[in-house]
Participant: 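Could you have a look at this structure, given as structure tokens, before my questions?
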Amino acid sequence: MSADSDMEYSDNDCEYDDYYNSGEDCDVERLDPKKADPEYFEYECLTVEEVEKLLNESVEKLNTILQITPSLAKVLLLEHQWMNHVVVDKYRQNANALLIEARIKSPNPANSNLATISTSTNTNADIPSTSAAAIAQVSLSVYSKNSSCNNGHSSSNNNNNNNNNNSRLPGLSGSNSCSTISHQYRSQMCPVCATVHLGDKFYSLACGHVFCKDCWSMYFETQIFQGISTQIGCMAQMCNVRVPEDLVLTLVTRPVMREKYQQFAFKDYVKSHPELRFCPGPNCQIIVRSREIAPKRVICKVCNTSFCFKCGMDYHAPTDCQIIKNWLTKCADDSETANYISANTKDCPKCHICIEKNGGCNHMQCFNCKYDFCWMCLGDWKMHGSEYYECSRYKDNPNIANESVHVQAREALKKYLHYYERWENHSKSLQLEQQTLDRLRQRINDKVMKGRGTWIDWQYLFNAAALLAKCRYTLQYTYPYAYSMESGSRKDLFEYQQAQLEAEIENLSWKIERAETTDLGDLENQMDIAEKRRTTLLKDFFPLDA
């Protein structure tokens, strides 16, 4: 055999190269971040200009479909959470009901007893709203100025169907029909200021209530000064017809008031849009958008404010929005009682010396007798390996239903104080953790100055402190959740996971406070355990559909 025979190889060997070098490795399954992380949330931070463009696109789309003015399109979208398809479907089913629901048209129009109000010339009021011709030619005229036949429609509606009465939506012609023009030079008295004006000085909505220009203007400015914009209604008593945007901007001439009106209207539009949420950060103009309407954490890219996307309050997983709202209200009402009962200092259960808590960890060690105990229950810390579950759990009285009203009320207060004390304790612990972090940063700085490593070498301690704050924050919000739960197997499971998380958090806090003597591997292992406990609890109890 020649020497070259050792180098011989089959052409089939190239198949292995194709196998290993192929870019089509479809066998590796990519994890869905929504399943792996219960707090995963997709959102984007938008500026005011970007949101205005987004809203204008929706207005233009509806305007094109129904052939209506932009101001009326905004009213309809405002009332239907900016869902174009819902507005179109309702219009095709019953246009008259849609307009009454949106307060564009009054269910009981005013009588034609005023000089500028007369019977509409639209005799084809029973045109089916599902008619394609009606949809294509509809012309909504909500307010009118008694000047001429060409001014019968609002200034922003310049389609070619102004004279086609049969194409108007039933009941919206108001005082803009040509039969009212004969009264434009007739003097009449304004029912508000009791001043006589010519007919062309009066404006009316679809309800038929007529007032002079000066009264409308003063009324609009008063409403705007009070912060009202899209909800401005007719001046007449017992009339809830909404004033469209174009009429307000037509009669309000002061630039300052016009700007305020547009700012207030924009806020109303954003608040009514389910996919948009203002950042609650101080003086922050960012608006967050997400297609998923869920109580997930959002962090503003400008001011770094963290909040719940669904309700706009502080992030509160695993508790849902309504429960945390009720809890905070109750805490505000009963805070003085809780503060009176709860104290900031406690006595050592062994030597009875007064101790003040100066750190976030609930694992306390008496500086006098070195006794280790739990700050919450004052029990021996060595026993918490098996009994920590009992420390965080509230035990209901099984015979409470048979007790008197006074006893039940006292038991209810006792239950509330149990959870409130733990809620407040972890809130204070979060603040104390920051002090611990400051002390830790100072110690690390001293070590770096002495040549005992670099900042990078000690970075893991800051990562541990950040994880501790994250876990303790979640633990704090488990107590309102437990307070609202009914007794049963699910609450038992929740309290068990809650206790496990609390135990791991306290162990992590203890090791961070004594970081100089804690092994790096031991600390990293404790970080991993604490985060897994937190993630497991959120996966099992985070109300995604709340």
Participant: Do Phe41 and Phe309 make the cut of ring centroids closer than 6.0 angstrom?
Facilitator: yes
Participant: Does Arg472 pair with Glu506 as a salt bridge, N-O distance under 4.0 Å?
Facilitator: yes
Participant: Dump the intermediate steps for side chain to side chain donor-acceptor pair (under 3.5 Å) on Glu421 and Asn425, then the final yes or no.
Facilitator: CA-CA 6 Å; Glu421 182 179 1; Asn425 174 67; over 6 Å; no
Participant: Would you mind listing every side-chain hydrogen bond (donor to acceptor under 3.5 Å, both in side chains) that reaches into residues 78-89, with sequence neighbours excluded?
Facilitator: Glu79-Arg242, His80-Lys90, Trp82-Ser272
Participant: Rounded at 0.5 Å granularity, tell me how far CD in Glu245 sits from CD1 in Ile232.
Facilitator: 10.5 Å
Participant: Checking ring-ring contact (aromatic ring centres under 6.0 Å, His included) against Tyr477, which of Trp423, Tyr483, Phe542 comes through?
Facilitator: Trp423
Participant: Do any side-chain atoms of residues 529-541 form donor-acceptor pairs under 3.5 angstrom with protein atoms, and if so which ones, sequence neighbours left out?
Facilitator:
{"residue": "Glu531", "atom": "OE1", "partner": "Arg534", "partner atom": "NE", "Å": "3.2"}
{"residue": "Glu531", "atom": "OE2", "partner": "Arg534", "partner atom": "NH2", "Å": "3.2"}
{"residue": "Glu531", "atom": "OE2", "partner": "Thr535", "partner atom": "OG1", "Å": "3.3"}
{"residue": "Lys532", "atom": "NZ", "partner": "Asp528", "partner atom": "OD2", "Å": "3.3"}
{"residue": "Arg533", "atom": "NH2", "partner": "Gln500", "partner atom": "OE1", "Å": "3.4"}
{"residue": "Arg534", "atom": "NH1", "partner": "Glu39", "partner atom": "OE1", "Å": "2.9"}
{"residue": "Arg534", "atom": "NH1", "partner": "Glu39", "partner atom": "OE2", "Å": "3.4"}
{"residue": "Arg534", "atom": "NH1", "partner": "Thr474", "partner atom": "OG1", "Å": "3.2"}
{"residue": "Arg534", "atom": "NH2", "partner": "Glu39", "partner atom": "OE1", "Å": "2.9"}
{"residue": "Thr535", "atom": "OG1", "partner": "Glu531", "partner atom": "O", "Å": "2.9"}
{"residue": "Thr536", "atom": "OG1", "partner": "Lys532", "partner atom": "O", "Å": "2.8"}
{"residue": "Asp540", "atom": "OD2", "partner": "Gln497", "partner atom": "NE2", "Å": "2.9"}

Participant: Establish, yes or no, whether the cationic atom of Lys296 lies under 6.0 Å from the six-membered ring centre of Tyr40 and within 45° of the ring axis.
Facilitator: no
Participant: Any chance you could measure Glu50, atom CD, to Thr47, atom OG1, to the nearest 0.5 Å?
Facilitator: 3.5 Å
Participant: Tell me, do Tyr91 and Ile65 make a side-chain contact under 4.5 Å, heavy atoms counted?
Facilitator: no
Participant: Indicate the atoms forming the closest heavy-atom contact of Tyr43 with Arg297, along with that distance.
Facilitator: CE2-O, 4.1 Å
Participant: Which distance, rounded to the nearest 0.5 Å, do you find between the CG of Leu440 and the CD of Gln435?
Facilitator: 13.5 Å
Participant: Using a 4.5 Å cut-off on heavy atoms from C-beta on, say whether the side chain of Glu42 contacts that of Glu292.
Facilitator: no
Participant: Is the Phe494 to Tyr481 ring centre distance short of 6.0 Å?
Facilitator: yes
Participant: Starting from the C-alpha separation in whole Å, work towards a yes-or-no answer on side chain to side chain contact (heavy atoms under 4.5 Å, CB included) for Lys267 and Phe278.
Facilitator: CA-CA 9 Å; Lys267 290 182 179 180; Phe278 279 110; 4.1 Å; yes
Participant: Is any side-chain heavy atom of Thr305 closer than 4.5 Å to a side-chain heavy atom of Ile286?
Facilitator: no
Participant: Closest heavy-atom contact between Val288 and Cys45?
Facilitator: CG2-SG, 4.3 Å
Participant: Just checking, is any N or O donor in the side chain of Gln322 or Asn326 under 3.5 Å from an acceptor N or O on the other one?
Facilitator: yes
Participant: Is any side-chain heavy atom of Leu72 less than 4.5 Å from a side-chain heavy atom of Leu66?
Facilitator: no
Participant: Got a second to check how far Lys74's NZ is from Thr69's OG1, nearest 0.5 Å?
Facilitator: 10.0 Å
Participant: Between Ser427 and Gln476, what is the shortest heavy-atom contact and its length?
Facilitator: CB-NE2, 3.4 Å
Participant: Measure across Gly227 and Phe264 and return the closest heavy-atom pair with its distance rounded to 0.1 Å.
Facilitator: CA-CE1, 3.6 Å
Participant: Do the non-hydrogen side-chain atoms of Glu275 and Val270 ever get within less than 4.5 Å of each other?
Facilitator: no
Participant: If you apply the rule side chain to side chain contact (heavy atoms under 4.5 Å, CB included), what do you find for Leu55 with Leu276, and how did you get there?
Facilitator: CA-CA 11 Å; Leu55 298 178; Leu276 300 177; 4.3 Å; yes
Participant: How many angstroms lie between OH in Tyr420 and OH in Tyr479, if you round to the nearest 0.5 Å?
Facilitator: 14.5 Å
Participant: Mind checking whether Val88 and Leu62 have side chains closer than 4.5 Å, heavy atoms only?
Facilitator: yes
Participant: At their closest point, which heavy atom of Ser484 faces which heavy atom of Ile323, and how far apart are they?
Facilitator: OG-CD1, 3.2 Å
Participant: Run the salt-bridge test on Lys271 and Asp268 with the 4.0 Å N-O cut-off and return the result as yes or no.
Facilitator: no
Participant: Please round to the nearest 0.5 Å and tell me the distance separating atom OH of Tyr460 and atom CG of Leu520.
Facilitator: 5.0 Å
Participant: A side-chain contact here means heavy atoms from C-beta on lying under 4.5 Å apart; do Pro295 and Cys311 qualify?
Facilitator: no
Participant: Take Leu468 and Met527 through the side chain to side chain contact (heavy atoms under 4.5 Å, CB included) test and state the conclusion after the steps.
Facilitator: CA-CA 8 Å; Leu468 174 62; Met527 291 170 60; over 6 Å; no
Participant: Flag yes if more than 12 heavy atoms outside Gln263 fall under 6.0 Å of its CD atom; otherwise flag no.
Facilitator: yes
Participant: If I compare all heavy atoms of Cys284 with all of Val302, which pair ends up nearest, and what's the gap?
Facilitator: SG-CB, 4.5 Å
Participant: Is atom CD of Glu44 surrounded by more than 12 heavy atoms (other residues, nucleotides or ligands) closer than 6.0 Å?
Facilitator: yes
Participant: Got Asp314 and Ser306 here, is their nearest side-chain heavy-atom distance under 4.5 Å?
Facilitator: no
Participant: Should Glu486 and Lys491 count as an ion pair when the cut-off is N to O under 4.0 Å?
Facilitator: no
Participant: Using the rule given for side chain to side chain contact (heavy atoms under 4.5 Å, CB included), can you reason through Cys279 versus Phe307, listing the C-alpha separation, both sets of side-chain angles and the distance that settles it, and then say yes or no?
Facilitator: CA-CA 8 Å; Cys279 173; Phe307 61 97; 4.3 Å; yes
Participant: Has Asn445 got a side-chain atom pairing as donor or acceptor with Arg441's backbone, closer than 3.5 angstrom?
Facilitator: no
